[in-house]
Number of protein chains: 2
Amino acid sequence: MPISNKELLEQKLQASGARITKPRKAILDIIATSEHPLSAMEIFERAQTQAPNIGLVTVYRTIDTLKSLGLVDHIHGSEDCQTVFRTASGHRHLLSCTDCGKSVYFDGVLAEKEFQRIGREHGFTVSGHLLQLFGLCTKCKGE
Amino acid sequence: MPISNKELLEQKLQASGARITKPRKAILDIIATSEHPLSAMEIFERAQTQAPNIGLVTVYRTIDTLKSLGLVDHIHGSEDCQTVFRTASGHRHLLSCTDCGKSVYFDGVLAEKEFQRIGREHGFTVSGHLLQLFGLCTKCKGE
DNA sequence: GTGCTTGCAAATTCTTTGCAACTTT
DNA sequence: AAAGTTGCAAAGAATTTGCAAGCAC
């Protein structure tokens with residue numbers, strides 16, 4: 001059996017020299033298992049069940065650490081642009097449900113060449129892009 | 001000679017029932033002529049030369065009005081997600097220079113079908129997307 | 001004149017910083 | 001024991017709201 005998402009995050013965090021504390025474990029657990037991007041406040045609220053005295057500040061600081069290690073991505077939504085989601089390996093983009101927020105990664109390599117071409121047409125050398133898809137997931141379509 | 005971008009914005013704003021005031025004229029002028037997305041603060045600072053007593057609040061309120069009329073788009077950047085840029089007609093996406101901020105719209109229809117397909121693969125019905133390209137513009141490449 | 005707009009000031013909300021006490025290693 | 005972490009409280013930054021005065025129509 002492969003190690004869980006949470007354990008992987010923990011290992012990588014520890015490997016960077018950071019200490020694995022109770023508040024951090026709670027935060028990692030929440031991020032590792034969430035099906036949708038989370039705001040600092042959401043993480044904070046959920047973390048309180050696991051680490052009662054946790055401070056919102058710790059959530060912000062841990063998110064910063066995880067971001068700088070590339071373990072979470074900053075996700076843009078039409079309303080909230082301050083959410084994070086666990087990183088996927090490879091070049092991936094997010095597909096999110098507009099109803100429940102459920103999100104999955106998809107492979108974005110296909111679009112690459114096309115993006116370069118569009119840039120050239122306008123005299124730009126394209127070096128990056130922001131791509132996210134929105135729609136209804138299977139479950140929310142049925143309701 | 002076709003009417004200017006600014007005049008077009010003014011007409012549409014007025015057509016919605018809103019009044020054309022001095023602060024609004026200043027804001028429209030700035031948005032209509034900007035080559036890159038603007039934050040409320042940037043608009044505010046520039047507007048002061050045209051309307052000395054303008055308040056930052058008015059900028060926020062005018063932006064809200066323009067957004068709800070679909071005359072400006074909310075633009076996402078890697079750092080600042082609170083900027084606006086004039087809307088383009090048709091289905092368009094933004095290509096922005098990472099150095100000077102210069103932005104141009106490009107036609108995004110090509111990608112549509114591909115996005116639908118990706119969604120289907122994951123059980124989603126794709127209804128929207130967020131796509132922005134980043135790179136260096138002609139001018140900034142040379143420097 | 002009527003009623004939408006404005007600018008000010010105050011209130012909110014979100015995020016960051018300073019710091020002494022506390023854990024992890 | 002040493003050094004990284006934590007939570008609190010306070011500071012900052014960004015945005016929104018209440019309201020009387022002002023301006024567009």
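Proteins come first, then strands; the chains are lettered A, B, ... in the order of their sequence lines, and each starts at number 1.
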Please give, in whole Å, the distance from dT6(D) P to Asn53(A) CG?
13 Å

Sidechain-backbone polar pair: Gln132(B) side chain, His76(B) backbone, donor-acceptor under 3.5 Å
yes

Between the CG atom in Leu130(B) and the CG atom in Leu130(A), the distance rounded to the nearest 0.5 Å is 4.5 Å

Distance check needed: dT6(D) C1' versus Lys22(A) NZ, whole Å only.
13 Å

Separation of atom NE2 in His74(A) from atom C1' in dT15(C), rounded to whole Å:
13 Å

Taking the minimum atom-to-atom distance to the side chain of Thr58(A), which one of dT15(C), dG3(C), dT6(D) wins?
dT6(D)

Only one of Ile54(A), Ile43(A), Asn53(A) passes side chain to side chain contact (heavy atoms under 4.5 Å, CB included) with Gln48(A); say which it is.
Ile54(A)

Between His93(B) and His129(B), what is the ring plane arrangement, given parallel below 30°, perpendicular above 60°, and tilted in between?
tilted

Rounded to whole Å, CZ of Arg19(A) lies from C1' of dT24(C) at a distance of 5 Å

Check the phosphate of dT15(D) against Tyr60(B), side-chain N and O only, distance under 4.0 Å to OP1 or OP2. Yes or no?
yes

Exam field: side chain Lys141(B) to backbone Gly123(A), donor-acceptor pair closer than 3.5 Å
yes

If only side-chain N and O atoms of Gln14(B) are considered, is one of them under 4.0 Å from the OP1 or OP2 phosphate oxygen of dC25(D)?
yes

Separation of dA24(D) atom P from Leu28(B) atom CG, nearest Å, is 15 Å

Does Arg24(A) have a side-chain nitrogen or oxygen under 4.0 Å from the phosphate oxygens OP1 or OP2 of dT5(D)?
yes

In terms of the nearest nucleotide of DNA chain D, which residue is placed more toward the 5' end: Val57(B) or Ile20(B)?
Val57(B)

Nucleotide dC14(C), atom P - distance to CD of Gln82(A) in whole Å:
11 Å

Scan Ala40(B) against the nucleic acid and name what it touches under 4.0 Å (heavy atoms): base, sugar-phosphate only, or nothing.
nothing

d(CD1, Ile27(A); P, dG7(D)) in whole Å
8 Å

Any donor-acceptor N/O pair under 3.5 Å between dG4(D) base and Arg61(A) side chain
no

Thr21(B) vs dT6(C): side-chain N/O to OP1/OP2 distance below 4.0 Å
yes

I need the CG-P distance between Leu66(A) and dT5(D), as an integer number of Å.
12 Å

